[in-house]
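See below for the structure under consideration.
Everything numeric in this text was worked out from a predicted model, so none of it was measured.
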Amino acid sequence: MLVVFSKSPVHSVLYLILTFFAIAGHYVLLNAQFLAVVHIIVYAGAIMVLFLYVIMMLNLNHEDEPHKSNLLKFAATISAGLLMLVLVASLKGTEQLVGPATATQVGDVRTLGRVLFNEFLLPFEISSILLLAAMVGAVMLGKPEKNQSAK
């Protein structure tokens with residue numbers, strides 16, 4: 001709620017980072033530690049830094065923002081309420097799936113490592129070589145060119 005109703009875009013992004021940490025806490029409670037760490041690194045780390053950078057580069061001011069009419073705000077509220085009604089109605093008839101928590105180790109790091117390095121070793125190594133090539137290409141593109149006229 002703080003992300004949506006915050007007046008400042010920077011505060012909204014900071015509240016979104018807090019929400020991502022809460023989601024990572026839920027992953028830890030579900031015994032998916034690897035997913036929690038990756039979630040923090042990817043979303044709270046990389047993507048939120050990108051969002052903050054874009055917000056700072058846009059230089060959003062209150063006087064530059066177009067003001068919405070009350071009719072448009074009312075229509076948005078009605079649409080959001082109808083969407084929530086449809087979601088609640090679709091989930092009302094579902095059953096909760098309950099199973100043994102220790103029967104499958106879905107989010108366990110040890111199980112993920114075994115599967116990754118046994119069944120998917122070739123795709124894992126190919127993706128690492130691809131990422132290495134992309135990193136070398138980014139360094140080469142960002143490198144300043146030498147002056148050829150200084151002969």
* Asked: In Å and rounded to the nearest 0.5 Å, what is the CG to CD1 distance from Leu121 to Ile126?
  -> 9.5 Å
* Structure fact -> Here the pair of heavy atoms bringing Val3 nearest to Leu16 is CG2-N, 3.5 Å
* Of all residues at least two apart in sequence or in a different chain, which pass the side-chain contact (heavy atoms from CB on, under 4.5 Å) check with Ser79? -> none
* **Linked, directly or transitively: Leu35 and Phe21 (ILVMFWY side chains, under 4.5 Å)** => yes
* With the 4.5 Å side-chain cut-off for hydrophobic clustering, are Val38 and Ile17 part of the same group? -> yes
* Quick one: OG1 on Thr111 to CG on Leu116, what's the gap to the nearest 0.5 Å? -> 12.0 Å
* Would you give the length of the straight line joining atom CD1 of Ile40 to atom CD1 of Ile23, rounded to the nearest 0.5 angstrom? => 10.5 Å
* Using ring pair (Phe, Tyr, Trp, His ring centres under 6.0 Å) as the criterion, list what pairs up with Phe20, not counting sequence neighbours. => His39, Tyr43
* Answer with yes or no whether the hydrophobic clustering places Val28 together with Phe34; edges join I, L, V, M, F, W, Y residues whose side-chain heavy atoms lie under 4.5 Å apart. => no
* So which heavy atom on Ser12 is nearest to which on Ser6, and how close? -> OG-CB, 3.4 Å
* **Fellow cluster residues of Leu87, listed by chain then number, with links counted only when side-chain atoms sit under 4.5 Å apart** => Leu83
* Going hydrophobic residue to hydrophobic residue with side-chain gaps under 4.5 angstrom, can you get from Leu14 over to Val42? -> yes
